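Data first, discussion second: the structure below is written as C-alpha coordinates.
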Amino acid sequence: AKDRGENPAKSVSFNFLFLGNPGTGKTTVARLMGKMFKMLGLLPDDEVFECTPKDLATGYAGQAGQKTTEMLEKSRGGVLFIDEAYQLNPKRGGPYMTEAVDELCAKLTDEAFKGKILVLLAGYDADMDEMLKVNPGLKSRFAERLEFKDLSAEATRDLIILKLAIKKIPLASEDAESDDLLFTARMLVNSEDFANGRDVDTVCDRTYAELAKRSSSRNTSVSLEDVRKAVNSLIGSRKPQESSKSCVNTDTSGQACATSSAKPSAVATSAEVDTNVEVEEDQMEEEEDFVEETATVANENPFSGLQDSHVTTLQDVVEEMGLNTKEGVDMLLSSNQQDGHLIQQLMQRLQISEDTAKSFLEDWRLAHKEAQRQKLKAKTKFKGMEAIWHCAVCGRGGFPQPVCYVAPYISGY
(Lines give C-alpha, C1' and ligand atoms only; values in the text may rest on other atoms or scores of the structure.)
Protein backbone atom coordinates (compact mmCIF):
# COMPACT_ATOMS: atom_id res chain seq x y z
CA ALA A 1 0.00 0.00 0.00
CA LYS A 2 2.87 2.38 0.81
CA ASP A 3 4.49 1.65 -2.56
CA ARG A 4 1.26 2.69 -4.26
CA GLY A 5 1.13 5.86 -2.22
CA GLU A 6 -1.82 4.65 -0.17
CA ASN A 7 -2.42 4.83 3.56
CA PRO A 8 -2.09 1.20 4.81
CA ALA A 9 -4.34 1.98 7.76
CA LYS A 10 -7.28 2.28 5.36
CA SER A 11 -6.91 -1.31 4.16
CA VAL A 12 -6.39 -2.90 7.58
CA SER A 13 -9.10 -3.65 10.11
CA PHE A 14 -8.62 -2.13 13.55
CA ASN A 15 -11.59 -3.84 15.22
CA PHE A 16 -11.61 -7.54 16.10
CA LEU A 17 -13.74 -10.02 17.99
CA PHE A 18 -11.78 -12.55 20.08
CA LEU A 19 -14.03 -15.57 20.63
CA GLY A 20 -13.19 -18.40 23.01
CA ASN A 21 -13.22 -19.78 26.51
CA PRO A 22 -11.07 -18.46 29.39
CA GLY A 23 -7.37 -19.29 29.30
CA THR A 24 -7.11 -19.77 25.52
CA GLY A 25 -4.56 -16.96 25.05
CA LYS A 26 -6.75 -14.01 24.06
CA THR A 27 -4.90 -11.48 26.23
CA THR A 28 -1.52 -12.79 25.06
CA VAL A 29 -2.52 -12.44 21.41
CA ALA A 30 -3.83 -8.92 22.13
CA ARG A 31 -0.35 -7.90 23.31
CA LEU A 32 1.28 -9.52 20.29
CA MET A 33 -1.10 -7.75 17.92
CA GLY A 34 -0.23 -4.43 19.56
CA LYS A 35 3.46 -5.09 18.96
CA MET A 36 2.78 -6.14 15.37
CA PHE A 37 0.70 -3.03 14.60
CA LYS A 38 3.42 -0.80 16.06
CA MET A 39 6.16 -2.62 14.13
CA LEU A 40 4.20 -2.14 10.89
CA GLY A 41 3.80 1.56 11.62
CA LEU A 42 0.03 1.31 11.99
CA LEU A 43 0.08 2.46 15.62
CA PRO A 44 2.55 4.67 17.50
CA ASP A 45 2.35 2.57 20.68
CA ASP A 46 1.79 -1.09 21.62
CA GLU A 47 0.46 -0.54 25.13
CA VAL A 48 -2.62 -2.63 25.92
CA PHE A 49 -5.35 -1.05 28.05
CA GLU A 50 -7.55 -3.75 29.57
CA CYS A 51 -11.03 -3.25 30.96
CA THR A 52 -14.41 -4.95 31.28
CA PRO A 53 -17.91 -3.48 30.66
CA LYS A 54 -18.25 -3.09 34.43
CA ASP A 55 -15.53 -0.43 34.27
CA LEU A 56 -17.73 1.61 31.93
CA ALA A 57 -20.83 1.63 34.16
CA THR A 58 -21.30 4.04 37.06
CA GLY A 59 -24.94 3.46 37.94
CA TYR A 60 -26.08 6.87 36.66
CA ALA A 61 -27.77 7.70 33.36
CA GLY A 62 -25.56 9.38 30.79
CA GLN A 63 -22.25 8.49 32.44
CA ALA A 64 -21.59 5.11 30.77
CA GLY A 65 -21.16 6.85 27.42
CA GLN A 66 -18.80 9.38 28.99
CA LYS A 67 -16.73 6.64 30.63
CA THR A 68 -16.51 4.83 27.27
CA THR A 69 -15.20 7.98 25.60
CA GLU A 70 -12.63 8.46 28.35
CA MET A 71 -11.39 4.88 27.93
CA LEU A 72 -11.11 5.29 24.16
CA GLU A 73 -9.16 8.54 24.55
CA LYS A 74 -6.85 6.92 27.08
CA SER A 75 -6.17 4.00 24.71
CA ARG A 76 -5.80 6.03 21.51
CA GLY A 77 -2.57 5.18 19.75
CA GLY A 78 -2.51 1.74 21.39
CA VAL A 79 -4.78 -1.23 22.10
CA LEU A 80 -8.10 -1.28 23.94
CA PHE A 81 -8.92 -4.83 25.10
CA ILE A 82 -12.43 -5.21 26.51
CA ASP A 83 -12.71 -8.61 28.18
CA GLU A 84 -16.05 -10.28 28.95
CA ALA A 85 -17.48 -7.97 26.28
CA TYR A 86 -20.73 -9.96 26.19
CA GLN A 87 -21.68 -7.89 29.26
CA LEU A 88 -22.14 -4.94 26.91
CA ASN A 89 -25.50 -6.59 26.32
CA PRO A 90 -27.95 -4.71 28.60
CA LYS A 91 -29.50 -8.07 29.51
CA ARG A 92 -26.17 -9.01 31.05
CA GLY A 93 -24.51 -5.77 32.13
CA GLY A 94 -27.50 -3.60 32.97
CA PRO A 95 -29.51 -0.91 31.16
CA TYR A 96 -26.66 1.61 30.97
CA MET A 97 -24.68 -0.68 28.67
CA THR A 98 -26.78 0.64 25.76
CA GLU A 99 -25.07 4.01 26.24
CA ALA A 100 -21.63 2.37 26.17
CA VAL A 101 -22.41 0.44 22.97
CA ASP A 102 -23.86 3.50 21.22
CA GLU A 103 -20.83 5.60 22.14
CA LEU A 104 -18.42 2.86 21.04
CA CYS A 105 -20.13 2.58 17.64
CA ALA A 106 -20.08 6.35 17.15
CA LYS A 107 -16.44 6.83 18.10
CA LEU A 108 -15.13 4.01 15.91
CA THR A 109 -16.25 5.92 12.80
CA ASP A 110 -15.04 9.27 14.16
CA GLU A 111 -11.92 10.57 12.39
CA ALA A 112 -10.35 11.20 15.79
CA PHE A 113 -10.32 7.45 16.49
CA LYS A 114 -10.74 5.58 13.19
CA GLY A 115 -7.48 3.85 12.31
CA LYS A 116 -5.81 5.27 15.42
CA ILE A 117 -6.74 2.62 17.99
CA LEU A 118 -6.95 -1.19 17.92
CA VAL A 119 -10.17 -2.29 19.65
CA LEU A 120 -10.56 -5.95 20.68
CA LEU A 121 -13.76 -7.35 22.17
CA ALA A 122 -13.30 -10.73 23.88
CA GLY A 123 -15.79 -13.25 25.17
CA TYR A 124 -17.71 -16.49 24.62
CA ASP A 125 -18.83 -17.19 21.07
CA ALA A 126 -22.61 -17.51 21.53
CA ASP A 127 -22.84 -14.71 24.10
CA MET A 128 -20.91 -12.34 21.82
CA ASP A 129 -23.29 -13.00 18.92
CA GLU A 130 -26.18 -12.05 21.18
CA MET A 131 -24.37 -8.90 22.29
CA LEU A 132 -23.79 -7.76 18.68
CA LYS A 133 -27.55 -7.53 18.19
CA VAL A 134 -27.75 -4.66 20.68
CA ASN A 135 -26.73 -2.13 18.04
CA PRO A 136 -27.10 -2.80 14.28
CA GLY A 137 -23.86 -0.96 13.56
CA LEU A 138 -21.78 -2.97 16.03
CA LYS A 139 -21.72 -6.15 13.94
CA SER A 140 -20.50 -4.34 10.80
CA ARG A 141 -17.77 -2.53 12.74
CA PHE A 142 -16.50 -5.81 14.20
CA ALA A 143 -16.56 -8.00 11.12
CA GLU A 144 -13.19 -9.65 11.83
CA ARG A 145 -13.32 -12.69 14.10
CA LEU A 146 -10.52 -14.69 15.66
CA GLU A 147 -11.59 -17.97 17.26
CA PHE A 148 -9.52 -19.38 20.10
CA LYS A 149 -9.92 -23.14 20.45
CA ASP A 150 -9.70 -24.99 23.74
CA LEU A 151 -6.37 -26.67 24.42
CA SER A 152 -6.06 -30.28 23.36
CA ALA A 153 -4.57 -32.89 25.68
CA GLU A 154 -1.31 -32.76 23.72
CA ALA A 155 -1.14 -28.95 23.89
CA THR A 156 -1.95 -29.03 27.60
CA ARG A 157 0.83 -31.54 28.22
CA ASP A 158 3.31 -29.42 26.24
CA LEU A 159 2.27 -26.27 28.10
CA ILE A 160 2.72 -27.99 31.47
CA ILE A 161 6.22 -29.04 30.44
CA LEU A 162 7.03 -25.50 29.26
CA LYS A 163 5.61 -23.75 32.33
CA LEU A 164 7.46 -26.07 34.72
CA ALA A 165 10.69 -25.37 32.84
CA ILE A 166 10.04 -21.63 33.15
CA LYS A 167 9.57 -22.12 36.90
CA LYS A 168 12.96 -23.88 36.88
CA ILE A 169 11.47 -27.15 38.09
CA PRO A 170 11.55 -29.13 34.83
CA LEU A 171 10.24 -32.65 34.46
CA ALA A 172 12.70 -35.40 33.70
CA SER A 173 12.77 -36.21 29.98
CA GLU A 174 11.39 -39.74 30.51
CA ASP A 175 8.42 -38.29 32.45
CA ALA A 176 7.84 -35.51 29.91
CA GLU A 177 7.67 -38.04 27.07
CA SER A 178 5.61 -40.64 28.92
CA ASP A 179 2.06 -41.72 28.10
CA ASP A 180 1.21 -41.22 31.78
CA LEU A 181 1.76 -37.46 31.51
CA LEU A 182 -0.43 -37.29 28.41
CA PHE A 183 -3.13 -39.26 30.23
CA THR A 184 -2.91 -36.91 33.21
CA ALA A 185 -3.21 -33.92 30.87
CA ARG A 186 -6.26 -35.49 29.20
CA MET A 187 -7.89 -35.95 32.64
CA LEU A 188 -7.46 -32.22 33.21
CA VAL A 189 -8.80 -31.30 29.75
CA ASN A 190 -11.90 -33.48 30.19
CA SER A 191 -12.61 -32.26 33.71
CA GLU A 192 -15.55 -30.01 34.50
CA ASP A 193 -14.96 -26.25 34.01
CA PHE A 194 -11.56 -26.76 32.38
CA ALA A 195 -10.02 -23.28 32.04
CA ASN A 196 -7.23 -24.04 29.55
CA GLY A 197 -4.06 -22.03 30.24
CA ARG A 198 -5.35 -20.77 33.57
CA ASP A 199 -5.69 -24.34 34.79
CA VAL A 200 -2.19 -25.12 33.55
CA ASP A 201 -0.84 -22.22 35.63
CA THR A 202 -2.73 -23.51 38.68
CA VAL A 203 -1.45 -27.06 38.13
CA CYS A 204 2.14 -25.82 37.88
CA ASP A 205 1.75 -23.79 41.08
CA ARG A 206 0.33 -26.84 42.88
CA THR A 207 3.08 -29.03 41.43
CA TYR A 208 5.62 -26.68 42.97
CA ALA A 209 3.78 -26.99 46.29
CA GLU A 210 3.83 -30.80 46.03
CA LEU A 211 7.58 -30.67 45.39
CA ALA A 212 8.06 -28.41 48.42
CA LYS A 213 6.22 -30.94 50.60
CA ARG A 214 8.66 -33.68 49.54
CA SER A 215 11.91 -31.78 49.76
CA SER A 216 13.31 -28.40 50.71
CA SER A 217 16.34 -28.88 48.48
CA ARG A 218 16.52 -26.75 45.33
CA ASN A 219 18.21 -29.61 43.50
CA THR A 220 15.23 -31.99 43.81
CA SER A 221 13.51 -32.61 40.48
CA VAL A 222 9.77 -32.45 40.09
CA SER A 223 8.21 -35.84 39.43
CA LEU A 224 5.28 -37.10 37.39
CA GLU A 225 3.61 -38.01 40.68
CA ASP A 226 3.81 -34.35 41.76
CA VAL A 227 2.00 -33.30 38.58
CA ARG A 228 -0.58 -36.07 39.00
CA LYS A 229 -1.33 -34.97 42.57
CA ALA A 230 -1.62 -31.34 41.44
CA VAL A 231 -4.13 -32.24 38.73
CA ASN A 232 -6.16 -34.47 41.06
CA SER A 233 -6.30 -31.77 43.74
CA LEU A 234 -7.51 -29.18 41.21
CA ILE A 235 -10.20 -31.49 39.83
CA GLY A 236 -11.21 -32.49 43.35
CA SER A 237 -11.52 -28.86 44.46
CA ARG A 238 -14.25 -28.32 41.87
CA LYS A 239 -16.42 -31.17 43.07
CA PRO A 240 -19.27 -30.20 45.41
CA GLN A 241 -18.40 -31.06 48.96
CA GLU A 242 -20.82 -33.41 50.64
CA SER A 243 -22.27 -31.98 53.82
CA SER A 244 -21.67 -33.83 57.06
CA LYS A 245 -24.17 -36.49 58.00
CA SER A 246 -27.26 -35.27 59.76
CA CYS A 247 -28.32 -36.92 62.96
CA VAL A 248 -31.73 -37.39 61.33
CA ASN A 249 -30.20 -39.86 58.89
CA THR A 250 -28.16 -41.68 61.49
CA ASP A 251 -29.32 -45.12 62.52
CA THR A 252 -29.75 -44.93 66.29
CA SER A 253 -31.46 -48.26 66.81
CA GLY A 254 -30.30 -49.98 69.91
CA GLN A 255 -28.84 -46.74 71.31
CA ALA A 256 -30.09 -44.74 74.23
CA CYS A 257 -31.40 -41.26 73.33
CA ALA A 258 -30.33 -38.41 75.58
CA THR A 259 -33.57 -36.44 75.38
CA SER A 260 -35.31 -34.56 78.13
CA SER A 261 -37.65 -37.50 78.68
CA ALA A 262 -34.87 -40.05 79.01
CA LYS A 263 -33.97 -41.09 82.53
CA PRO A 264 -30.21 -41.48 83.05
CA SER A 265 -29.24 -44.54 85.06
CA ALA A 266 -26.73 -42.56 87.02
CA VAL A 267 -25.41 -39.02 87.32
CA ALA A 268 -22.01 -38.65 85.70
CA THR A 269 -19.25 -37.11 87.75
CA SER A 270 -17.09 -34.26 86.48
CA ALA A 271 -14.14 -36.60 85.95
CA GLU A 272 -16.30 -39.06 83.99
CA VAL A 273 -17.61 -36.26 81.78
CA ASP A 274 -14.08 -35.05 81.03
CA THR A 275 -12.98 -38.60 80.21
CA ASN A 276 -15.97 -39.19 77.94
CA VAL A 277 -15.35 -35.91 76.12
CA GLU A 278 -11.71 -36.81 75.54
CA VAL A 279 -12.65 -40.25 74.23
CA GLU A 280 -15.31 -38.76 71.93
CA GLU A 281 -12.85 -36.14 70.61
CA ASP A 282 -10.27 -38.87 69.90
CA GLN A 283 -12.89 -40.91 68.07
CA MET A 284 -13.99 -37.85 66.05
CA GLU A 285 -10.37 -37.11 65.07
CA GLU A 286 -9.88 -40.71 63.98
CA GLU A 287 -13.12 -40.61 61.96
CA GLU A 288 -12.12 -37.30 60.33
CA ASP A 289 -8.71 -38.72 59.39
CA PHE A 290 -10.38 -41.78 57.92
CA VAL A 291 -12.94 -39.72 55.96
CA GLU A 292 -10.16 -37.46 54.65
CA GLU A 293 -8.10 -40.43 53.48
CA THR A 294 -11.17 -42.06 51.91
CA ALA A 295 -12.11 -38.84 50.09
CA THR A 296 -8.58 -38.57 48.74
CA VAL A 297 -8.88 -41.96 47.12
CA ALA A 298 -12.34 -41.15 45.76
CA ASN A 299 -11.05 -37.97 44.11
CA GLU A 300 -8.55 -40.00 42.10
CA ASN A 301 -11.04 -41.92 39.97
CA PRO A 302 -8.77 -42.69 37.00
CA PHE A 303 -11.73 -42.95 34.61
CA SER A 304 -13.02 -39.44 35.29
CA GLY A 305 -10.95 -38.10 32.40
CA LEU A 306 -12.81 -40.25 29.86
CA GLN A 307 -16.04 -39.13 28.20
CA ASP A 308 -19.01 -40.75 29.92
CA SER A 309 -20.78 -41.59 26.64
CA HIS A 310 -17.70 -43.38 25.32
CA VAL A 311 -17.22 -45.49 28.46
CA THR A 312 -20.93 -46.34 28.64
CA THR A 313 -20.96 -47.44 25.01
CA LEU A 314 -17.80 -49.52 25.51
CA GLN A 315 -19.42 -51.27 28.46
CA ASP A 316 -22.50 -52.05 26.35
CA VAL A 317 -20.31 -53.54 23.63
CA VAL A 318 -18.25 -55.57 26.10
CA GLU A 319 -21.46 -56.84 27.73
CA GLU A 320 -22.79 -57.97 24.36
CA MET A 321 -19.50 -59.76 23.69
CA GLY A 322 -19.87 -61.59 27.02
CA LEU A 323 -16.54 -60.19 28.22
CA ASN A 324 -17.60 -58.01 31.17
CA THR A 325 -15.74 -60.27 33.56
CA LYS A 326 -12.34 -59.95 35.15
CA GLU A 327 -10.86 -62.46 32.72
CA GLY A 328 -12.62 -60.95 29.71
CA VAL A 329 -11.56 -57.36 30.40
CA ASP A 330 -8.01 -58.49 31.27
CA MET A 331 -7.87 -60.12 27.83
CA LEU A 332 -9.04 -56.89 26.14
CA LEU A 333 -6.48 -54.88 28.08
CA SER A 334 -3.55 -57.15 27.31
CA SER A 335 -4.35 -57.86 23.64
CA ASN A 336 -5.56 -55.79 20.70
CA GLN A 337 -7.06 -58.76 18.85
CA GLN A 338 -10.60 -57.47 19.50
CA ASP A 339 -9.76 -53.82 18.78
CA GLY A 340 -11.13 -53.99 15.24
CA HIS A 341 -14.58 -54.98 16.46
CA LEU A 342 -14.52 -52.54 19.38
CA ILE A 343 -13.45 -49.63 17.15
CA GLN A 344 -16.13 -50.43 14.57
CA GLN A 345 -18.85 -50.58 17.22
CA LEU A 346 -17.71 -47.34 18.85
CA MET A 347 -17.65 -45.57 15.47
CA GLN A 348 -21.15 -46.75 14.57
CA ARG A 349 -22.80 -46.09 17.93
CA LEU A 350 -21.10 -42.81 18.81
CA GLN A 351 -20.70 -41.44 15.27
CA ILE A 352 -17.01 -40.77 15.87
CA SER A 353 -13.96 -41.14 13.65
CA GLU A 354 -11.66 -44.15 13.64
CA ASP A 355 -8.82 -42.06 15.13
CA THR A 356 -11.08 -40.88 17.97
CA ALA A 357 -12.14 -44.47 18.72
CA LYS A 358 -8.51 -45.66 18.71
CA SER A 359 -7.47 -42.78 20.97
CA PHE A 360 -10.27 -43.58 23.40
CA LEU A 361 -9.26 -47.25 23.65
CA GLU A 362 -5.68 -46.16 24.33
CA ASP A 363 -6.85 -43.80 27.08
CA TRP A 364 -9.08 -46.52 28.52
CA ARG A 365 -6.11 -48.87 28.81
CA LEU A 366 -4.03 -46.10 30.42
CA ALA A 367 -6.86 -45.50 32.91
CA HIS A 368 -6.79 -49.19 33.90
CA LYS A 369 -3.03 -48.93 34.26
CA GLU A 370 -3.51 -45.95 36.58
CA ALA A 371 -6.19 -47.82 38.55
CA GLN A 372 -3.78 -50.72 39.06
CA ARG A 373 -1.06 -48.31 40.19
CA GLN A 374 -3.44 -46.76 42.73
CA LYS A 375 -4.48 -50.19 43.95
CA LEU A 376 -0.89 -51.26 44.60
CA LYS A 377 -0.06 -47.96 46.28
CA ALA A 378 -3.14 -48.15 48.51
CA LYS A 379 -2.26 -51.66 49.70
CA THR A 380 0.54 -50.14 51.75
CA LYS A 381 -1.34 -47.03 52.87
CA PHE A 382 -4.50 -48.88 53.92
CA LYS A 383 -2.89 -52.16 54.98
CA GLY A 384 -5.36 -54.49 56.63
CA MET A 385 -8.41 -52.54 55.41
CA GLU A 386 -10.90 -53.76 52.83
CA ALA A 387 -11.25 -51.88 49.55
CA ILE A 388 -14.66 -50.52 48.49
CA TRP A 389 -15.23 -50.73 44.73
CA HIS A 390 -17.51 -48.70 42.48
CA CYS A 391 -18.23 -48.66 38.76
CA ALA A 392 -17.36 -45.41 36.97
CA VAL A 393 -20.09 -46.14 34.39
CA CYS A 394 -23.25 -47.09 36.28
CA GLY A 395 -22.22 -45.94 39.76
CA ARG A 396 -23.04 -49.30 41.35
CA GLY A 397 -20.73 -50.54 44.03
CA GLY A 398 -19.96 -50.29 47.70
CA PHE A 399 -18.74 -53.88 47.77
CA PRO A 400 -15.34 -55.50 48.41
CA GLN A 401 -15.29 -56.74 44.79
CA PRO A 402 -16.03 -54.92 41.50
CA VAL A 403 -19.56 -55.32 40.13
CA CYS A 404 -18.42 -54.25 36.62
CA TYR A 405 -14.99 -54.62 35.09
CA VAL A 406 -14.90 -52.09 32.24
CA ALA A 407 -14.23 -49.15 34.56
CA PRO A 408 -13.92 -50.24 38.20
CA TYR A 409 -12.15 -48.08 40.74
CA ILE A 410 -11.57 -48.03 44.49
CA SER A 411 -13.77 -45.35 46.06
CA GLY A 412 -12.63 -45.87 49.65
CA TYR A 413 -11.62 -48.28 52.39
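Values below: every heavy atom of this structure, side chains too, minus hydrogens, waters and symmetry copies. Not measured: the values here are computed from a predicted model.
- Between E210 and K213 there is a salt bridge, with a side-chain nitrogen of the basic residue lying less than 4.0 Å from a carboxylate oxygen of the acidic one.
- Distance CG/D110 to SG/C105: 13.0 Å, rounded to 0.5 Å.
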Pair S359-T356, side chain to side chain donor-acceptor pair (under 3.5 Å): steps then yes or no: CA-CA 5 Å; S359 178; T356 301; over 6 Å; no
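- Heavy atoms only, all atoms of each residue included: M187 and I235 are closest at O-CD1, 3.8 Å.
- Each salt bridge (charged side-chain N to carboxylate O under 4.0 Å, His left out) pair with one or both residues in residues 347-361, not counting sequence neighbours, appears once here: E320-R349, E354-K358.
- Within the model, atoms CG of D129 and CG of N89 stand 11.5 Å from one another, a figure rounded to the nearest 0.5 Å.
- Each side-chain hydrogen bond (donor to acceptor under 3.5 Å, both in side chains) pair with one or both residues in residues 130-142, not counting sequence neighbours, appears once here: D102-N135.
- Judged as a ring pair (Phe, Tyr, Trp, His ring centres under 6.0 Å), and not counting sequence neighbours, the contacts of F148 are F18.
- A donor-acceptor pair under 3.5 Å is formed between the side chain of D226 and the backbone N or O of S223.
- A distance-only check finds a donor-acceptor pair linking the side chain of K26 to the backbone of G20 [under 3.5 Å].
- G78 approaches L43 most closely through the heavy-atom pair O-CD1, 3.6 Å.
- Of all the heavy atoms in A85 and L121, the pair that sits closest is CB-CB, 3.8 Å.
- Side-chain contact between L80 and I82 is present, with heavy atoms from C-beta onward closer than 4.5 Å.
- N21 pairs in a side chain to side chain donor-acceptor pair (under 3.5 Å) with only one of the listed residues (N196, D193, D150), which is D150.
- Within the 4.5 Å cutoff, the side chain of V329 has no heavy atoms near those of the T325 side chain.
- Within the structure, the ring pair (Phe, Tyr, Trp, His ring centres under 6.0 Å) test picks out the following pairs touching residues 117-137 (sequence neighbours left out): Y86-Y124.
- Residues E144 and S13 have side chains that never bring a donor and an acceptor to within less than 3.5 angstrom of each other.
- Taking a cutoff of 4.0 Å between a charged side-chain nitrogen and a carboxylate oxygen, R373 and E225 qualify as a salt bridge.
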Ring pair (Phe, Tyr, Trp, His ring centres under 6.0 Å) assessment of F37 paired with F14: CA-CA 9 Å; F37 272 55; F14 280 75; 5.4 Å; yes
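- Using a distance-only test at 3.5 Å, with no hydrogens or angles considered, a donor-acceptor pair links the side chain of S152 to the main chain of A155.
- Looking at N324, its side chain does come within 3.5 Å of a backbone N or O of Y405 through a donor-acceptor pair.
- Heavy atoms from other residues, nucleotides or ligands lying under 6.0 Å from CZ of F49 number more than 12.
- Pairs passing the salt bridge (charged side-chain N to carboxylate O under 4.0 Å, His left out) check and including a residue from residues 61-70, sequence neighbours excluded, do not occur.
- Cation-pi check for R145 over F16 is not met; the charged atom does not lie both under 6.0 angstrom from the ring centroid and within 45 degrees of its normal.
- Closest approach of A153 and V189 over heavy atoms only: CA-CG2, 3.9 Å.
- Nearest approach of I161 to A176, heavy atoms of both residues: CD1-O, 3.6 Å.
- Under the ring pair (Phe, Tyr, Trp, His ring centres under 6.0 Å) criterion, no residue pair touches residues 153-179, with sequence neighbours excluded.
- Here F81 pairs with nothing under the ring pair (Phe, Tyr, Trp, His ring centres under 6.0 Å) rule; sequence neighbours left out.
- Applying the salt bridge (charged side-chain N to carboxylate O under 4.0 Å, His left out) test to residues at least two apart or on different chains, the pairs with a partner in residues 199-208 are K163-D201, K167-D205, D199-R238.
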Verdict with reasoning, D330 to K326, per salt bridge (Lys or Arg N to Asp or Glu O under 4.0 Å): CA-CA 6 Å; D330 284 346; K326 185 179 185 306; 3.1 Å; yes
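- Side-chain atoms of W364 do not come within 3.5 Å of backbone N or O of L333 as any donor-acceptor pair.
- Among pairs with a residue in residues 30-45, those fulfilling side-chain hydrogen bond (donor to acceptor under 3.5 Å, both in side chains) read R31-E50, at least two apart in sequence or across chains.
- Listed by chain and residue number, F360 satisfy the ring pair (Phe, Tyr, Trp, His ring centres under 6.0 Å) test with H310 (two or more places apart in sequence, or in another chain).
- For the residue pair Q87 and R92, the shortest heavy atom distance occurs at CA-CB, 3.9 Å.
- In this structure, CG on L118 lies 11.0 Å from CG on D46, to the nearest 0.5 angstrom.
- Atoms CD and CD, on E103 and Q66 in that order, are 9.5 Å from each other to the nearest 0.5 Å.
- No more than 12 heavy atoms of other residues, nucleotides or ligands sit less than 6.0 Å from atom NZ of K369.
- When the ring pair (Phe, Tyr, Trp, His ring centres under 6.0 Å) test is applied to F194, no partner is found at least two apart in sequence or on another chain.
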Distance-only donor-acceptor hits, side chain of residues 178-186, under 3.5 Å, sequence neighbours excluded:
residue: S178; atom: OG; partner: D175; partner atom: O; Å: 2.8
residue: S178; atom: OG; partner: L181; partner atom: N; Å: 3.3
residue: T184; atom: OG1; partner: D180; partner atom: O; Å: 2.9
residue: R186; atom: NE; partner: D363; partner atom: OD2; Å: 3.0
residue: R186; atom: NH1; partner: D363; partner atom: OD1; Å: 2.6
residue: R186; atom: NH1; partner: D363; partner atom: OD2; Å: 3.1
residue: R186; atom: NH2; partner: E154; partner atom: OE2; Å: 3.3

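- Side-chain atoms of H368 do not come within 3.5 Å of backbone N or O of P408 as any donor-acceptor pair.
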